[in-house]
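Written out below as structure tokens is the structure these notes cover.
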Amino acid sequence: MMPEGMSGREQLLWDVSGRVLMDIWMQRVNVIKSDYEANHVRYDQEIIDKFENLLSEWKSIHGDRKEELKYVIISPLGSGVITRSYELQIALFDQNLYNNENPLCIYWTPKFVFKDIEEDMATYRKIASKEIIRLREDEVYEIRRRYALCHAYVSMQYMDRIIRKIYRLPVWKETACDDTKVLYGTYMEQMVELGMTQEEGET
């Protein structure tokens with residue numbers, strides 16, 4: 001459904017971009033899935049190692065006070081669209097969630113999810129420019145931002161799988177307590193809790 005109050009050009013941009021990007025995305029999501037299935041051991045170990053280091057650093061600061069780790073928040077950064085890094089911030093918090101301006105955190109990009117955005121955007125420009133006269137850079141930026149959100153949704157599904165593996169790590173059991181939550185989303189907005197279920201046959 002298109003937002004109200006759109007100009008004719010905005011409506012054209014919305015219609016064309018939605019149609020073009022949907023075709024591109026349906027192909028891309030299959031490529032991402034195939035890539036992950038072929039290389040998941042390496043991709044999983046990369047972020048598991050980073051998580052282990054982050055949790056070990058928290059443990060070195062807080063010792064055995066397991067009750068102090070209350071939240072792990074994984075956030076796609078808006079600045080990542082500008083820099084084209086598409087980074088996720090993985091941050092650890094105690095009960096003073098939003099009062100901590102400098103949380104213990106790492107920045108990481110699941111490259112197998114995001115690495116082809118620029119190639120896809122080049123394809124988008126080529127196709128959309130045939131229907132949208134003088135496609136502007138600010139218009140392309142907004143389309144890139146929306147397209148990145150599709151990738152962020154895939155990264156959320158991926159991190160949900162990884163968090164279930166993190167829960168089995170000795171350093172998690174030594175650091176987190178029963179009510180520690182892992183959330184995916186943007187600060188001050190509704191977030192999704194990860195790792196709630198165990199997939200049958202997951203390794």
Worksheet item: Quick one: salt bridge (charged side-chain N to carboxylate O under 4.0 Å, His left out) partners of Glu139, sequence neighbours excluded?
Response: Arg9, Arg136

Worksheet item: Is it the case that one hydrophobic cluster holds both Met156 and Leu149, taking links as side-chain heavy atoms less than 4.5 Å apart, direct or via other members?
Response: no

Worksheet item: Should Leu77 and Phe51 be regarded as members of a common hydrophobic cluster, given that ILVMFWY residues are connected when their side-chain heavy atoms come within less than 4.5 Å of each other, either directly or indirectly?
Response: no

Output the distance between atom [atom1] ([X]) and atom [atom2] ([Y]), rounded to the nearest 0.5 Å.
X      : Y      : atom1 : atom2 : value
Ile143 : Trp14  : CD1   : CH2   : 8.5 Å
Leu135 : Lys126 : CG    : NZ    : 15.0 Å
Arg168 : Ile166 : CZ    : CD1   : 9.5 Å
Glu174 : Leu69  : CD    : CG    : 13.0 Å
Met121 : Ile117 : CE    : CD1   : 9.0 Å
Lys66  : Asp178 : NZ    : CG    : 7.0 Å

Could you tell me whether a side-chain N or O of [X] sits under 3.5 Å from a main-chain N or O of [Y], the two making a donor and an acceptor?
X      : Y      : answer
Thr180 : Ala176 : no
Ser60  : Glu57  : yes
Asp35  : Val31  : no
Ser75  : Gly185 : yes
Asp94  : Glu68  : no

Worksheet entry | Pair Thr109-Leu88, side-chain contact (heavy atoms from CB on, under 4.5 Å): steps then yes or no | CA-CA 6 Å; Thr109 303; Leu88 304 179; over 6 Å; no

Practice prompt. With side-chain hydrogen bond (donor to acceptor under 3.5 Å, both in side chains) as the test, would you mind laying out the steps for Glu87 and Tyr107 before giving the verdict?
Written response: CA-CA 6 Å; Glu87 285 183 316; Tyr107 298 91; over 6 Å; no

Discussion item. Just checking Asp64: does its CG atom have more than 12 heavy atoms from other residues, nucleotides or ligands closer to it than 6.0 angstrom?
Written reply: no

Worksheet item: For atom NZ of Lys70, is the number of surrounding heavy atoms from other residues, nucleotides or ligands below 6.0 Å larger than 12?
Response: yes

Worksheet item: Could you walk me through whether Gln27 and Asp23 pass the side-chain hydrogen bond (donor to acceptor under 3.5 Å, both in side chains) check?
Response: CA-CA 7 Å; Gln27 298 178 53; Asp23 289 342; over 6 Å; no

Worksheet entry | Passing option when Leu194 is tested against Val72, Ile162, Ile74, Leu183 for side-chain contact (heavy atoms from CB on, under 4.5 Å) | Ile74

Item to complete: Show your working on side-chain contact (heavy atoms from CB on, under 4.5 Å) between Leu21 and Trp25 and close with a plain yes or no.
Response: CA-CA 6 Å; Leu21 282 182; Trp25 175 243; 5.7 Å; no

Item to complete: Looking only at non-hydrogen atoms, find the nearest pair between Gly195 and Asp160 and report the distance.
Response: N-OD1, 2.7 Å

Item to complete: Could you pull out the closest heavy-atom pair between Ile90 and Leu54, with the gap in Å?
Response: O-CD2, 3.7 Å

Worksheet item: Can you list every salt bridge (charged side-chain N to carboxylate O under 4.0 Å, His left out) pair that touches residues 108-119, not counting sequence neighbours?
Response: Arg28-Asp116, Arg28-Glu119, Arg84-Glu118, Glu118-Arg144

Discussion item. Once you measure the plane-to-plane angle for His151 and Tyr147, does it fall in the parallel (<30°), tilted (30-60°) or perpendicular (>60°) bin?
Written reply: perpendicular

Item to complete: Please state whether the rings of Trp172 and Tyr167 are parallel, tilted or perpendicular, taking 30° and 60° as the class boundaries.
Response: tilted

Practice prompt. Given salt bridge (charged side-chain N to carboxylate O under 4.0 Å, His left out), test Arg125 with Glu137 step by step and report yes or no.
Written response: CA-CA 10 Å; Arg125 278 176 176 269; Glu137 191 58 37; 2.5 Å; yes

Item to complete: Report yes if the distance between the aromatic ring centroids of Tyr71 and Phe93 is under 6.0 Å, otherwise no.
Response: no

Worksheet item: Can you check whether Tyr158 and Phe112 have ring centres sitting under 6.0 Å from each other?
Response: yes

Worksheet item: Any side-chain donor paired with an acceptor under 3.5 Å for Tyr184 and Ser155?
Response: yes

Discussion item. Could you check whether any side-chain heavy atom of Tyr86 comes within less than 4.5 Å of a side-chain heavy atom of Pro76, counting everything from C-beta outward?
Written reply: no

Worksheet item: Could Arg146 and Glu142 be called an ion pair, given the rule that one side-chain N must be under 4.0 Å from one carboxylate O?
Response: yes

Worksheet item: If you measure from the Lys or Arg side-chain nitrogens to the Asp or Glu carboxylate oxygens, is any gap between Asp15 and Arg19 under 4.0 Å?
Response: no

